[in-house]
Amino acid sequence: MTFLERQPSGIPVPRPSMRAAPYWEGCKSHVLRYQRCDDCGYIGPRPFVVCGRCGASDISWKTSAGEGSLYSWTVVWRPQHPSFVVPYAPAVVAMDEGYWMMSAVVGCDVEDLRPGMRLAVEFRSVSDEVTLPYFRPV
Amino acid sequence: MTVHPFHDVAIVGVHNTVQAKKLPDHDAESIALQGAIGALADAGVAASEVDGVVGQFSSEVIVELALGARTRRPNMLGIPALVDAAALITTGQCSVVLVAAGGASLYTDRASTAPWTRPANEFVAGYGLFTAAEFALMARRHMIEHGTTPHQLATVAATIRNNGHANPEAVHFGRGPFTPEDVLESRMVADPFHLLDCAMTSEGGCGIVLASADRATDCDAPVWLLGTGSDCLGPSYTFAPAWDFRPRSDEEPAGRVGWRASRRAFATAGLGPGDVDVAELYDPFSFEIIRQLEVFGFCGAGQGGPFVEEGHISPGGRIPVTTDGGTMSFSHAGIAAQQLQRVIRGVEQLRGTCRTNQVEGAEVALCSNGGSGALFTDVLLIGKDRP
């Protein structure tokens with residue numbers, strides 16, 4: 001079977017950090033959030049409290065349109081942990097707002113993965129606290 | 001040229017313990033201690049002369065060897081631990097420094113990948129990422145941008161695995177020989193990496209002794225520090241490993257991590273890639289060799305794939321790479337030992353004592369640690385002659 005599915009419950013669940021709480025709360029209500037500097041527009045690779053580019057501390061959580069393109073991916077056949085069903089396709093998504101996001105592609109065949117293919121976010125609850133954003137071709 | 005203080009530091013002792021799939025009588029600390037003792041014996045330096053210990057078990061080594069009150073620098077990395085040791089010497093804090101590391105009894109849950117390959121950050125845990133997948137995300141971009149092929153990756157893996165196949169001290173001694181086709185036919189782990197494109201796991205320890213020039217000249221075969229550099233773009237495995245991640249527009253992207261480190265190392269040494277006789281490159285995954293050859297300047301950007309297919313990294317080639325079999329075949333005990341072992345092999349090459357794949361007349365070795373998927377690369381240039 002080479003169709004990429006979302007993972008079943010029972011996989012290792014992220015432990016949300018305090019700094020990233022707005023991100024995980026957004027995911028629970030199916031809203032994808034990212035941080036952006038109010039002064040210069042910088043978007044960091046991870047949650048931040050001071051802008052690494054201009055030094056401003058006015059950082060806002062923004063809502064992403066949830067769309068992007070496939071920047072890079074892998075197809076995993078030897079799972080990191082036995083709770084993961086293979087194959088699965090961790091991916092870096094180039095979001096339309098101008099940042100890279102770590103996720104996984106679902107809803108297509110392994111053979112259909114192409115650089116630059118258009119993707120849209122799709123949420124799945126994996127525990128009471130955590131909902132994971134995946135990406136599906138559009 | 002101004003003399004760099006590190007040019008007054010030499011590596012005077014190196015030792016690898018026995019390396020094996022399992023060392024049932026050892027834990028990480030005990031095998032690291034064996035590495036430390038072996039390195040002192042190799043150097044012909046008494047434990048009482050050691051005035052500093054650096055590395056994974058620095059405190060433990062101090063008490064186990066009954067050294068007394070000594071300078072300690074914990075450092076879980078490889079080359080950076082050696083640089084810490086060199087700095088202790090050049091600043092007059094120490095004259096003989098011992099560095100040791102080891103791994104054993106760490107990988108017990110065989111249903112999962114090795115514990116050090118799956119750190120549990122909130123942004124990667126739910127997607128089943130581990131080191132092979134993180135590094136694959138970098139390799140894929142190179143394949144997209146430059147047309148690098150699975151066969152080129154497999155050529156690297158076959159070359160390094162054949163180096164280990166020939167090396168009686170390698171955990172995978174006698175497992176080959178391998179062709180690129182053998183690599184391509186092994187089961188897929190994280191596309192484009194087949195099983196044989198990946199580091200294996202094993203157990204073992206090692207040690208290195210560094211000394212000031214005054215002390216080193218009394219030792220049999222000092223090998224000298226020529227230059228070093230270290231690049232890190234942030235914590236490994238906590239955010240998307242995008243090749244083009246570039247926090248500063250005037251610097252190279254994350255996929256070329258190590259460009260700054262290697263240039264600093266070469267500048268300090270007053271050398272260039274053409275002066276290197278052997279490259280003991282860190283080989284967590286086959287693609288990383290192709291990447292490092294480009295980043296360090298052994299070939300042009302995007303040319304690493306054809307470069308390895310032309311045979312340049314094989315024994316007898318233009319720049320023999322990872323001549324003991326590396327983490328794919330020699331040993332990969334986790335944490336720091338396998339990183340220090342790149343330097344140990346470099347030292348053995350410059351001493352001319354390698355039992356297999358000795359590069360005749362080798363005078364300069366480049367050793368590296370890290371990789372793009374982990375967002376860091378450390379570089380150390382060492383030489384047979386005092387600069």
Side-chain angles (χ1 to χ4, degrees), chain A residues 6-7 11-17 19-21 23-24 27 42 44-47 52-53 70-95 99-106 110 113-116 124 126-127 130-135, chain B residues 109-115 117-145 186-195 198 233-235 237-249 254-255 285 287 372-373 375:
Chain A
R6 297 175 299 187
Q7 292 293 326
I11 59 170
V13 171
R15 282 195 299 273
S17 65
R19 198 186 281 187
Y23 173 85
W24 293 110
C27 288
Y42 176 71
R46 61 206 292 265
R53 182 165 293 167
L70 184 57
Y71 174 80
S72 192
W73 73 93
T74 178
V75 179
V76 174
W77 294 90
R78 192 285 190 237
Q80 182 244 45
H81 184 271
S83 60
F84 285 94
V85 174
V86 296
Y88 58 92
V92 178
V93 183
M95 300 301 294
Y99 66 100
W100 283 289
M101 186 174 158
M102 193 70 246
S103 185
V105 178
V106 297
V110 166
L113 295 166
R114 293 285 181 277
R124 181 182 172 97
V126 292
S127 75
V130 175
T131 293
L132 278 181
Y134 290 91
F135 280 80
Chain B
D109 171 17
R110 293 274 162 173
S112 299
T113 59
T117 70
R118 42 188 172 94
N121 173 269
E122 62 186 315
F123 295 105
V124 304
Y127 301 117
L129 283 155
F130 58 114
T131 48
E134 298 264 4
F135 277 77
L137 293 168
M138 285 291 195
R140 173 86 56 196
R141 277 311 300 183
H142 199 272
M143 297 168 81
I144 292 168
E145 292 291 332
S186 65
R187 66 184 166 84
M188 193 65 89
V189 171
D191 195 344
F193 297 142
H194 301 78
L195 181 67
C198 305
L233 280 149
Y237 319 130
T238 67
F239 54 90
W243 181 284
D244 291 294
F245 172 58
R246 190 194 313 239
R248 291 180 58 109
S249 58
F285 302 96
F287 167 70
S372 62
L375 298 174

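Note that this is a predicted model, so its numbers are computed, not measured. In what follows, every chain begins at residue 1, and chains take the letters A, B, ... in the order their sequences are listed.
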Asker: Measure distances from A/Tyr23 to the heavy atoms of chain B and classify the residue's part below 4.5 Å as side chain, backbone, both or neither.
Answerer: side chain
Asker: Would you name the heavy atoms of B/Gly234 and B/Leu375 that are closest together and state the gap between them?
Answerer: O-CB, 4.1 Å
Asker: Can you list everything that forms a salt bridge (charged side-chain N to carboxylate O under 4.0 Å, His left out) with B/Arg187? Sequence neighbours excluded, please.
Answerer: none
Asker: Any idea which of A/Tyr99, A/Tyr134, A/Trp24, A/Tyr71 has the most non-hydrogen atom pairs under 4.5 angstrom with chain B?
Answerer: A/Tyr71
Asker: Which atoms of B/Pro235 come close to chain A, meaning under 4.5 Å heavy atom to heavy atom: side chain ones, backbone ones, both, or neither?
Answerer: side chain
Asker: I'd like to know which of A/Val76, A/Val93, A/Val13 tops the heavy-atom pair count under 4.5 Å against chain B.
Answerer: A/Val76
Asker: What are the two closest heavy atoms between A/Met101 and A/Pro133, and how far apart are they?
Answerer: CE-CG, 3.6 Å
Asker: Can you tell me which of A/Pro115, A/Pro14, A/Pro12, A/Ala20 forms the most heavy-atom pairs within a distance under 4.5 Å of chain B?
Answerer: A/Pro14
Asker: What is the distance from atom CE of A/Met102 to atom CD of B/Glu134, rounded to the nearest 0.5 Å?
Answerer: 6.0 Å
Asker: Against chain B, label A/Val126 side chain, backbone, both or neither, depending on which of its atoms sit under 4.5 Å from a heavy atom there.
Answerer: neither
Asker: Sort out for me which of A/Gly52, A/Ala104, A/Ser103 touches chain B most, counting heavy-atom pairs under 4.5 Å.
Answerer: A/Ser103
Asker: If you count heavy-atom pairs under 4.5 Å with chain A, which of B/Trp243, B/Phe239, B/Phe193 comes out on top?
Answerer: B/Phe239
Asker: Give every donor-acceptor pair under 3.5 Å between a side-chain atom in residues 78-91 of chain A and any protein atom, sequence neighbours left out.
Answerer:
residue : atom : partner  : partner atom : Å
A/Arg78 : NH1  : B/Ala111 : O            : 3.0
A/Arg78 : NH2  : B/Arg110 : O            : 3.3
A/Arg78 : NH2  : B/Ser112 : O            : 3.3
A/Gln80 : NE2  : B/Leu129 : O            : 3.1
A/His81 : ND1  : A/Ser83  : N            : 3.2
A/His81 : ND1  : A/Ser83  : OG           : 2.8
A/Tyr88 : OH   : A/Gln80  : N            : 3.3
A/Tyr88 : OH   : B/Gly128 : O            : 2.7

Asker: Would you mind checking which part of B/Asp244 comes under 4.5 Å of any heavy atom in chain A, side chain (CB onward), backbone (N, CA, C, O), both or neither?
Answerer: both
Asker: What are the two closest heavy atoms between B/Ala240 and A/Trp100, and how far apart are they?
Answerer: CB-CB, 4.2 Å
Asker: Determine the minimum heavy-atom distance between B/His194 and B/Met188, stating which atoms define it.
Answerer: NE2-CE, 3.6 Å
